[in-house]
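Just so you know, these numbers use all the heavy atoms, side chains as well, and skip hydrogens, waters and symmetry mates. In this chain, numbering begins with 1 at the start of the sequence shown.
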Amino acid sequence: MKEREALGGVLILGGGFAGAYVARLLGRRGATIVSPENFMLYTPLLPEAASGTLEPRHAVVPLRVMCPHAELVLGSATKVDFGARTAEIETADLGTQTIRWGELVLALGAVPRVAPVEGLTEHGLSFKSLADAIHLRNHVLRELEAADSALDEGERARRLTFVFVGAGYAGVEALAELSDLVEDAMRHYPRLEGAPRRWVLVDAAPKILPEIPSRLGEYAARELEQRGVEIHVGMTVDSVAQDEVVLGDGTHIPTRTLVWTAGVAANPLLRELGVPLDERNRVEVDQFMRVRGHEHVWSLGDCARVPNARSAEPDPPTCQHALRQSRRLAKNLQGDLQPYGYRMLGQVATLGRYKGIADVLGVRLRGFPGWFVTRSYHLYQLPLLSRKLRVVVDWTTSLLFRRDIAELGSLGHPEGLEGTKS
């Protein structure tokens, strides 16, 4: 089996927000990043990528550009030997390699948390990756085409009904952006003039956006309801079929679209690596982000239960906290060992075009000011000046021109030479 040394002695499993920033902040010391993709996804921009406000490529940052002093191996870890300090990596094209490390960083992120709901995995749509965002956009545009061609009013109503499960940031922002896309697209479908569009938001929690102050959450709920969104809180989903969703109270919703955004779970690969996990399968780390029982193994981000010296609760899975964790961990890896502590600056969310909510340093904003602060914050967090400029250009273009409604269902799936034979 081929063997190599991790650059700078640091092996980082995962190229998401947390892992990529650790590699970037290690600077010239270098690191080896193992990731299935060659880019880092800035997930708060996914809703805008799905709605067409933002070019999807601009929601990601190439790892080789973001981390110029690191090396990248496209693949996934299959085994870690903590005694020998080696990791077996299954690469995308070159088979299995063994990488020796002096320090190991687990930044494997999270996956959608799937509940045991009948039919969910067969008929539900995920919203966690760039591919998910593109697929959801394509699906919504296909539903508009199907509704325009439908001869039956019931079928038309079913195609124009969209159910989102999960009323956290991802669900609320995705619903708001996609509803804007549909409203903008309607002028191209004269046959659908006057046809009702139904948007449904479902969550088991007693209110939407429970992470933010109550006053802002109530504003968000009112804003969505004024736009015609049906909000079902304290409600579960009983079953999902190809053309229907059944809620826990027996309500039947005819639809072809259910988007599942009801939380995330730590990457299941962690269970195979033999590290200590908590009840939610997150890696147990100490105040230095060092994995318990392993002197040279560290973990952070969505896959870890990171205690915060300035908070009674461990950090939530947000980009804001992942960035602060990566800053502290990069210093710890370079010998400046100190406990991690961070006081959250605030929370922000968009509610579609020109509407948003923000709680920054105790100042609570809503409407246009909240929307402006939310966008400014995301722009600040996004790495690389070139990416920031691309996003600003996209946002400016969206103000001047109408949305593009081209469906890209074949993107990345060419017909190939077999389909061109004459």
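The backbone N or O of Val165 lies less than 3.5 Å from a partner atom in the side chain of Thr261, making a donor-acceptor pair. No donor-acceptor pair under 3.5 Å is formed between the side chain of Arg390 and the backbone N or O of His58. Side chain of Asp132 to backbone of Ser129: a donor-acceptor contact under 3.5 angstrom is found. Between the Thr53 side chain and the Ala49 main chain, no donor and acceptor come within less than 3.5 Å of each other. Between the side chain of Asp203 and the backbone N or O of Ala167, at least one donor-acceptor pair lies under 3.5 Å. Between the side chain of Arg113 and the main chain of Ala262, a donor-acceptor pair closer than 3.5 Å is present. Between the Thr78 side chain and the Glu88 main chain, a donor and an acceptor come within less than 3.5 Å of each other. In this structure, the side chain of Ser149 does not engage the main chain of Ala146 through any donor-acceptor pair within 3.5 Å. Here the side chain of Ser35 pairs no donor or acceptor atom with the backbone of Asn38 at under 3.5 angstrom. In this structure, the side chain of Asp148 does not engage the main chain of Tyr189 through any donor-acceptor pair within 3.5 Å.
Using a 4.5 Å heavy-atom threshold, the side chains of Leu270 and Asn281 count as separate. Between Met66 and Tyr21 the shortest side-chain heavy-atom distance falls below 4.5 Å. At a threshold of 4.5 Å between non-hydrogen side-chain atoms, the residues Val163 and Val259 do not count as touching. Between Thr91 and Leu74 there is no side-chain heavy-atom pair separated by less than 4.5 Å. Side-chain contact between Thr121 and Val114: present, with at least one pair of heavy atoms (C-beta onward) separated by less than 4.5 Å. Between Val297 and Phe82 there is a side-chain heavy-atom pair separated by less than 4.5 Å. Within the 4.5 Å cutoff, side-chain heavy atoms of Leu247 are placed close to those of Val202. Using a 4.5 Å heavy-atom threshold, the side chains of Ile89 and Ser76 count as separate.
A donor atom on one side chain and an acceptor atom on the other are not found under 3.5 Å apart for Lys128 and Thr43. A side-chain donor-acceptor contact under 3.5 Å links Gln338 and Asp336. If you check the side chains of Tyr342 and Gln325, you find no donor sitting under 3.5 Å from an acceptor. Arg142 and Asn138 share no side-chain donor-acceptor pair at under 3.5 Å. With 3.5 Å as the limit, one finds no donor-acceptor pair spanning the side chains of Glu230 and Trp199. Using modelled atom types, one finds a donor on one side chain and an acceptor on the other under 3.5 Å when comparing Thr96 with Glu90. His296 and Arg85 are linked by a side-chain donor-acceptor pair at a separation below 3.5 angstrom, with hydrogens and angles left out of the test. No side-chain N or O of Glu313 forms a donor-acceptor pair with one of Asn308 less than 3.5 Å apart. There is no side-chain donor-acceptor pair under 3.5 Å between Ser51 and Arg137.
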Intermediate values then yes/no, side-chain hydrogen bond (donor to acceptor under 3.5 Å, both in side chains), Asp315 and Tyr340:
CA-CA 11 Å; Asp315 275 0; Tyr340 164 75; 2.4 Å; yes
In sequence, state the C-alpha distance, the side-chain angles, and the governing distance for Val360 and Val348, and then conclude on side chain to side chain contact (heavy atoms under 4.5 Å, CB included).
CA-CA 8 Å; Val360 181; Val348 296; 4.2 Å; yes
Test side chain to side chain contact (heavy atoms under 4.5 Å, CB included) on Val291 and Glu284; report intermediate values, then the result.
CA-CA 6 Å; Val291 176; Glu284 288 272 12; over 6 Å; no
Test Val60 against Met40 for side chain to side chain contact (heavy atoms under 4.5 Å, CB included), laying out the working first.
CA-CA 5 Å; Val60 302; Met40 182 276 288; over 6 Å; no
One pair to check against side chain to side chain contact (heavy atoms under 4.5 Å, CB included): Leu175 and Val229. What are the steps and the verdict?
CA-CA 9 Å; Leu175 183 150; Val229 177; 3.7 Å; yes
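Counting non-hydrogen atoms of other residues, nucleotides and ligands closer than 6.0 Å to CZ of Arg402 gives a total of 12 or fewer. The 12-atom threshold is not exceeded at CZ of Arg215, counting heavy atoms of other residues, nucleotides or ligands nearer than 6.0 Å. Surrounding CZ of Phe288 are more than 12 heavy atoms belonging to other residues, nucleotides or ligands, all under 6.0 Å away. Counting non-hydrogen atoms of other residues, nucleotides and ligands closer than 6.0 Å to CD of Glu193 gives a total of 12 or fewer.
Atoms CD and CZ, on Gln381 and Phe17 in that order, are 5.0 Å from each other to the nearest 0.5 Å. The distance from the CG atom of Leu351 to the CZ atom of Arg222 is 11.5 Å, given to the nearest 0.5 Å. Atom CG of Leu277 sits about 12.5 Å away from atom CZ of Arg305, to the nearest 0.5 Å. A distance of 14.5 Å separates CZ in Phe372 from OG1 in Thr350, rounded to the nearest 0.5 Å. Separating the CD atom in Glu103 from the CZ atom in Arg290 is a distance of 9.5 Å, to the nearest 0.5 Å. Between Leu365 atom CG and Ile357 atom CD1 the span is 11.0 Å, to the nearest 0.5 Å.
Shortest non-hydrogen contact noted between Val373 and Ala358 is CG1-CB, 3.9 Å. Scanning all heavy atoms of the two residues, the minimum distance from Arg156 to Ala147 falls at NE-O, 3.2 Å. Nearest heavy atoms, Val73 versus Ile99: CG2-CD1, 4.3 Å. Closest heavy-atom contact between Leu106 and Ser299: O-OG, 2.9 Å. Across Gly352 and Trp371, no two heavy atoms sit closer than the pair O-CD1, 3.5 Å. In plain terms, the two heavy atoms of Ala204 and Thr236 that are nearest each other are CB-CG2, 4.2 Å.
Salt bridge Glu48/Arg375: present, at least one basic N to carboxylate O contact under 4.0 Å. A salt bridge is absent between Asp180 and Lys355; no separation between the charged side-chain nitrogens and carboxylate oxygens falls under 4.0 Å. Under a 4.0 Å N-O distance rule, the pair Arg4/Glu71 qualifies as a salt bridge.
Ring centroids of His378 and Tyr42 are separated by less than 6.0 Å, placing the two rings close together.
Residues satisfying the ring-ring contact (aromatic ring centres under 6.0 Å, His included) criterion with His135, sequence neighbours excluded, are absent altogether.
With Glu183 as reference, Arg197 is the one residue of Arg353, Arg227, Arg197 to meet the salt bridge (Lys or Arg N to Asp or Glu O under 4.0 Å) rule.
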